[in-house]
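Order of the sequence lines sets the chain letters (A, B, ...), proteins ahead of strands, with each chain counted from 1.
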There are 2 protein chains.
Amino acid sequence: MSISIKSLHITMESKMSALNEQALEYVAKYFKALAEPMRLKVLNALQDGEKNVSQLTQLSGGTQANISKHLTLLAQYNLVKRESRGTNVYYRIADPSVYELCELVCGQIGNRMTLEEDIKKLFITSNQTE
Amino acid sequence: MSISIKSLHITMESKMSALNEQALEYVAKYFKALAEPMRLKVLNALQDGEKNVSQLTQLSGGTQANISKHLTLLAQYNLVKRESRGTNVYYRIADPSVYELCELVCGQIGNRMTLEEDIKKLFITSNQTE
DNA sequence: TGACTATATAACTATACAGTTATATAGTGC
DNA sequence: GCACTATATAACTGTATAGTTATATAGTCA
């Protein structure tokens, strides 16, 4: 978990070429699981530890049915882990690499925003907005 | 570019919480751009350097119109850079972090596949398949 | 100029899926 | 058993978009 990005990149190139048609579809579906604002919001809400469906529903501002559907999908892709205790069901981030993924994306977007100053505001830190 | 994944993760957590509604949508769209098998195939084909639309059309097995559409989209998200020379238009990977993204995803899927042996075959290296 | 090639785009179809509403399932405590 | 709460799911609607076909645009060369 402490290998450098540079070596990761090299590892990547060899792995990437090894991906066949079916694997590409699999990878694409995985990205698709992360390609929904509401799901990102849910993952975001899970950063500081597990939460049950009710909590996530409230935090995300979605409906219970909708959040439940998203959680089911996230669990299918092993992005979150599910654990029922009593009548509640608790979800937690399954793998910290989810955050690494988001970091890379946010980093890229951050760089791009230096060229588009008006969108840069999107990344005002929570401290500044409070 | 040589900071460790561990520190990236920490950086990530602070950044992630700073993302507001609009930024989440932006990140989601970015993931969506990567969530198509054909686009991944095109990016894959660009790994060993720039190629024009005809070459990419042939390599990907898609139609010219379809590949052109995908390339336009990839360029919009700054995943590829466009450069026309004569009647040809050459595309190249805009940013190596695209590969880092894929590495993280492929790594995750790789781990998951140790649990699902039947899907593991998907990752047979190209040497083995030839 | 016109013929030829490469790329982009417009218009269309079919499919996938996010979100909604209503209902089912399952656990708890009486 | 019943009432209550939490979560999941079924059925539906609307929207977004991948892929197709046909056409437009633009560069090259005679």
dT17(D) phosphate, OP1 or OP2: any side-chain N/O from H70(B) under 4.0 angstrom? no
In whole Å, what is the span from the CD atom of E83(A) to the P atom of dT7(D)? 13 Å
Taking only N and O in the side chain of S54(A), is any of them less than 4.0 Å away from OP1 or OP2 of dT5(D)? no
Just N and O in the side chain of S84(A): are any of them under 4.0 Å from OP1 or OP2 of dG27(C)? no
Take T72(B) and N66(A), find for each the nucleotide of DNA chain C with the closest heavy atom, and name the residue whose nucleotide sits nearer the 5' end. T72(B)
Between CG of L24(B) and P of dA18(C) the distance, given in whole Å, is 16 Å
Quick one: do E83(A) and R92(A) make a salt bridge, cutoff under 4.0 Å? yes
What I want to find out is whether E50(A) reaches R82(A) closely enough, with some N-O distance under 4.0 Å, to be called a salt bridge. no
CD of Q58(A) versus C1' of dT7(D): gap in Å, rounded? 16 Å
Closest non-hydrogen atom pair, K51(B) against A45(B): NZ-O, 3.0 Å
Does a side-chain N or O of K32(A) approach OP1 or OP2 of dC17(C) to a distance below 4.0 Å, or not? yes
With nearest nucleotides of DNA chain C determined for L73(A) and T87(B) from heavy-atom distances, which residue corresponds to the more 5′ nucleotide? T87(B)
Atom OH of Y90(B) and atom C1' of dT5(C): how far apart are they, to the nearest Å? 13 Å
For a quick check of understanding: with a heavy-atom distance under 4.0 Å over all strands, which category does S68(A) fall into, base, sugar-phosphate or nothing? base
Does R39(A) reach a base, just sugar-phosphate, or nothing at all? Heavy atoms under 4.0 Å. sugar-phosphate
For atom NZ of K41(B) and atom P of dA18(D), their distance in whole Å: 16 Å
For Y91(A) and dA8(D), is the shortest distance between a side-chain N/O and OP1 or OP2 below 4.0 Å? yes
K29(B) atom NZ is separated from dT15(D) atom C1', nearest whole Å, by 13 Å
Can you find an N or O donor on one side and an acceptor on the other, under 3.5 Å apart, linking the side chain of Q64(A) with the base of dA8(D)? yes
dT7(C), OP1 or OP2 - any side-chain N/O from N88(B) closer than 4.0 Å? yes
Rounded interatomic separation in angstrom, taking NZ from K69(B) and P from dT17(D): 10 Å
Quick check: closest heavy atoms across Y91(B) and L46(B), and the distance to 0.1 Å? O-CD2, 3.3 Å
Which residue is it: T57(B), L59(B), L74(B)? I am looking for the one with a side-chain contact (heavy atoms from CB on, under 4.5 Å) to V42(B). L74(B)
Rounded distance (Å) that lies between atom P of dA6(D) and atom CZ of R82(A): 15 Å
